[in-house]
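No experiment lies behind these values; they were computed from the predicted model shown. For ligands, and for the atoms within them, numbers begin at 1 and follow the listed sequence.
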Amino acid sequence: MPSTKGSEKIKKTPQLLRGMKDIMPEDQQWWDFIRMRVDNVARAYGFGRLDTPLLEDAALFTRSVGKETDIVEKEMYTFEDKNGSLVSLRPEGTAGVVRAYIEHGMLNRPQPVKMYYLGQFFRYDRPQAGRYRQFYQFGFEVVGEQNPVIDAQVMMLAFNFYAEINLPVTLQVNSVGCGECHDEYRKVLVDYYRSRKNSLCEDCKRRLQKNPLRLLDCKQEDCQVLAQDAPQTVDHLCEECNEHFVKVLEHLDELEIPYVLNSRLVRGLDYYTRTVFEIWPEPYDPPKIEEPEETDDKKDRHKKSGNKKEEEIEISVEPTPIEEPKNKMPSQNALGGGGRYDDLVETMGGQPTPAIGFSGGIERLITELRLRNLPIGDIEKPEVFVAQLGDSARKKALKLFEDLRQAGFKVAESFSKDGLKPQMELADKIGVKFAVIIGQKEIMDGTILIRDMESGIQETVDFKKVIPEVQKRLEKYGVKAKVIDPRKTVI
Ligand code: HAM
């Protein structure tokens with residue numbers, strides 16, 4: 001084999017693939033927050049976690065999501081493994097859940113079976129704001145029940161998930177009917193588009209025969225204009241589907257869940273029947289930044305700097321446009337979506353089994369939370385910093401750190417730093433409320449210093465009482481009392 005050593009030297013450092021991103025330590029708090037909320041909701045509504053593999057037989061997605069969908073046509077990471085089998089990185093979660101339901105004979109469990117998941121998904125999409133090639137979703141699936149009350153319950157769960165974290169969203173609802181309704185609707189839709197074919201994009205021209213429903217959610221501007229006046233799915237529902245939809249809406253009314261009827265909502269996956277829905281973020285109107293009166297001196301400076309002021313107050317995250325009507329397809333992406341898939345279990349080889357589910361994208365959710373500066377609670381932020389001066393103090397501090405941590409505090413340290421100044425600077429930067437400081441003198445006296453980082457006031461306390469003393473002070477800042485292990489009050 002020729003040596004690659006020489007050429008490797010001049011090669012560029014490998015970089016992150018397009019559409020992928022690292023989740024940095026400082027950003028993990030957002031992910032933890034969402035994971036925690038998803039787990040809480042799942043527990044409250046009785047969902048059990050199901051983790052399916054990231055890699056599945058490619059046919060699983062072709063058969064479920066649909067051959068003519070963007071996801072399968074253009075976006076799947078599909079390749080032959082070493083055995084020559086065609087496999088795909090999962091582009092979505094529902095298909096895997098259905099495969100697992102059939103494969104593990106879950107039909108024999110009490111129905112419905114409620115499952116949830118959270119993890120990575122892959123779509124070879126064009127990377128842009130809110131669209132990644134590897135992204136995270138959480139999802140909830142209810143398999144084995146067709147009652148419309150379940151549709152309302154899943155939508156309530158989805159809506160409340162966002163409402164409870166104070167994110168203003170709208171629930172967009174539609175019904176696409178069953179297979180029979182599809183056949184009837186497809187005919188009228190093709191009739192409508194036939195005379196307008198020339199205005200369609202190339203993809204839609206092709207889809208018109210194969211999968212005309214896809215024309216309604218095409219993102220091309222001309223196609224969107226045509227879709228505005230297209231026949232509506234709800235006008236072509238069979239009696240049973242119509243009745244089902246009416247009941248779903250009645251339940252939503254009963255639950256006082258606000259919703260927007262959106263006749264153009266058809267979703268981008270083929271397995272849907274009857275109810276479909278999406279969660280859209282409410283348009284965001286960023287708070288106006290009060291501009292202080294400019295002094296003559298400042299005005300001059302702006303002139304000199306080419307008046308960069310507007311650039312300075314620009315926010316880094318793209319705001320959701322504010323002027324869109326409530327049921328216009330969002331130029332910004334949906335936070336989540338879902339619906340019924342009553343035929344999917346049977347299509348995949350199982351017994352006829354109705355089902356419904358929802359999944360939400362985590363990156364888009366975090367963008368919205370950050371944009372609005374919504375609090376996620378300081379779940380990661382340390383409360384106390386342990387500082388030390390000198391070798392024997394470092395030993396004591398090491399043990400104290402562990403004792404504080406076991407007592408339930410979020411603790412930070414920098415044992416590799418020697419001077420007090422850099423340690424205090426770090427404590428300040430992290431934003432802890434208090435620092436506990438131990439040096440030679442304190443070791444001799446059996447004491448420790450507690451420094452209030454805001455006021456700078458330092459108090460000397462008995463070393464043995466450091467935990468209750470820290471606790472007492474943190475309570476003043478509204479930090480909830482910890483359950484202190486009495487054995488840990490004496491170190
Ligand atoms: P979906 O609408 O394809 O539905 O995806 C759900 C959510 O995943 C989207 O609303 C979005 O927030 C996020 N998402 C999708 N693609 C990307 C991407 N490229 N980058 C970042 N986020 C993305 C499904 O996947 C269905 N399995 C939902 C479902 C569950 N239906 C029934 N049960």
Near Gly336 (heavy-atom distance under 4.0 Å), the atoms of ligand 1 are 10 (O)

Logged contact type for Tyr124 with ligand 1, heavy-atom cut-off 4.0 Å, is neither

Check your understanding: Gly361 to ligand 1: N or O pair under 3.5 Å?
Key -> yes

Any N/O pair Thr94/ligand 1 closer than 3.5 Å
yes

For Asp125, the atoms of ligand 1 under 4.0 Å from one of its heavy atoms are 19 (N)

*asked:* Below 4.0 Å from ligand 1: does a non-hydrogen atom of Phe140 turn up there or not?
replied: no

Original post:
So, are Arg196 and Asp222 salt-bridged, with charged N and O less than 4.0 Å apart?
Top reply: no

Discussion item. Tell me whether Arg206 is salt-bridged to Glu73, with the criterion being a basic N under 4.0 Å from an acidic carboxylate O.
Written reply: yes

For Gly338, the ligand 1 atoms with a heavy-atom partner under 4.0 Å come out as 29 (C), 31 (N)

Q) In terms of side-chain geometry, is the basic nitrogen of Asp27 or Arg370 positioned less than 4.0 Å from the acidic oxygen of its partner? A) yes

Residues Glu164 and Arg37 bridged, charged N to O under 4.0 Å: yes

What about the rings of Phe140 and Phe161, do their centers lie closer together than 6.0 Å? no

Quick one: does Gly268 get a heavy atom under 4.0 Å from ligand 1? no

Closest heavy-atom approach to atom 3 (O) of ligand 1 among Glu92, Arg123, Gln137 is made by Arg123

In terms of its nearest heavy atom to atom 20 (N) of ligand 1, the top option of Tyr132, Phe358, Trp280, Tyr136 is Tyr132

Ranked by distance from atom 28 (C) of ligand 1, the top protein heavy atom is Ser359 OG, 2.8 Å

Those residues at least two apart in sequence (or on a different chain) that pass salt bridge (charged side-chain N to carboxylate O under 4.0 Å, His left out) with Glu202 are Lys205

I want to know if ligand 1 touches Ile356 in the polar sense, i.e. an N/O pair below 3.5 angstrom.
no

Quick note on ligand 1: atoms under 4.0 Å from a heavy atom of Glu141 include exactly 30 (C), 32 (C), 33 (N)

4.0 Å heavy-atom contact, Gly139 with ligand 1
no

At under 4.0 Å between heavy atoms, what of Glu278 touches ligand 1? The answer is neither

### Message
Please verify the inter-ring angle class for Phe358 with Tyr162; under 30° counts as parallel, over 60° as perpendicular, anything in between as tilted.
### Response
perpendicular

Filtering Gln134, Arg126, Arg340, Arg364 for the heavy atom nearest atom 11 (C) of ligand 1 leaves Arg364

Within 4.0 Å of some non-hydrogen atom of Gly130, the atoms of ligand 1 are 20 (N), 21 (C), 22 (N)

Check whether any side-chain N or O of Lys114 sits under 3.5 Å from a backbone N or O of Pro112 as a donor-acceptor pair, and report yes or no.
-> no

Exercise. Do Asp342 and Arg340 meet the salt-bridge criterion of a basic N to acidic O distance under 4.0 Å?
Worked result: yes

Looking only at protein heavy atoms, what sits closest to atom 4 (O) of ligand 1 is Arg267 NH2, 2.9 Å

Going by the 4.0 angstrom heavy-atom rule, the piece of Leu335 near ligand 1 is backbone

query = Looking at Arg207 and Asp70, does any basic side-chain N land under 4.0 Å from a carboxylate oxygen?
reply = yes

Original post:
Is it true that Lys429 and Glu425 have a side-chain N and a carboxylate O under 4.0 angstrom from each other?
Top reply: no

Closest to atom 29 (C) of ligand 1 (heavy atoms only, candidates Tyr341, Phe135, Tyr272) is Tyr272

Cationic N near anionic O, under 4.0 Å, Arg99 to Glu56:
yes

Quiz item: Does the distance from a Lys or Arg side-chain N to an Asp or Glu carboxylate O, for Lys219 and Asp217, drop under 4.0 Å?
Solution: no

Taking only non-hydrogen atoms of Tyr271 and a 4.0 Å limit, the atoms of ligand 1 in range are 26 (C), 27 (N), 31 (N)

